[in-house]
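This report concerns only the one structure given below.
Computation of the quantities below employed the complete heavy-atom set of this structure, encompassing side-chain atoms and omitting hydrogens, waters and symmetry-equivalent molecules.
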Amino acid sequence: MNPDIILIILVMAAATYGARALPFLLFRNKQMRGFVKSFVELVPVALLAALVIPELFITADNGLELINPFLLDGISTFLLARKLPNLFVCVLFGMIAYWGFAKII
């Protein structure tokens with residue numbers, strides 16, 4: 001294998017691991033207050049939303065569709081999760097609802 005490719009893989013692995021491990025190392029055994037605490041608590045929610053929301057609207061061919069199984073399933077599962085805070089039931093419902101919406105649409 002080309003040495004440049006191995007070097008690129010190693011550098012990217014170090015960057016990926018460093019980006020994930022650095023916050024744990026910096027904030028270990030420290031009390032956070034105010035803005036920093038609320039910022040750190042909201043980062044996982046913002047990252048999840050950034051990953052999920054585009055998938056609800058963008059189709060496999062990079063088109064924008066407002067009526068698609070992903071969006072209908074996401075909305076219906078969200079509404080169920082607001083009424084029934086049971087993760088297992090919501091995930092199961094989401095999988096079944098997606099299958100149903102994919103068959104209908």
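A side-chain contact (heavy atoms from CB on, under 4.5 Å) with I9 is found for exactly one of L7, I5, I6, namely I5.
Cluster membership for L22 and M12, using ILVMFWY side-chain heavy atoms within less than 4.5 angstrom, is not shared. Residues L79 and F70 are members of one and the same hydrophobic cluster, defined by side-chain heavy-atom contacts under 4.5 angstrom among Ile, Leu, Val, Met, Phe, Trp and Tyr. I75 and L80 fall into different hydrophobic clusters, where Ile, Leu, Val, Met, Phe, Trp and Tyr side chains are chained together by heavy-atom contacts under 4.5 Å. Under the 4.5 Å side-chain contact rule for hydrophobic residues, I105 and L71 do not share a cluster. Residues Y17 and L10 are members of separate hydrophobic clusters, defined by side-chain heavy-atom contacts under 4.5 angstrom among Ile, Leu, Val, Met, Phe, Trp and Tyr.
Once rounded to the nearest 0.5 Å, the distance linking CG of N68 with OH of Y98 reads 8.5 Å.
The heavy-atom pair separating A49 from P54 by the smallest distance is O-CD, 4.0 Å. Contact between L72 and I67 at its shortest, heavy atoms only, is CD1-CG2, 4.5 Å.
Residue pairs meeting the side chain to side chain donor-acceptor pair (under 3.5 Å) criterion with at least one member in residues 72-82, sequence neighbours excluded: D73-T77.
Panel note: side chain S38, backbone F35; a donor-acceptor pair is recorded below 3.5 Å.
A 4.5 Å side-chain heavy-atom check between I53 and L56 finds at least one atom pair inside the cut-off.
Few gaps surround CZ on F101; more than 12 heavy atoms of other groups in view lie less than 6.0 Å from it.
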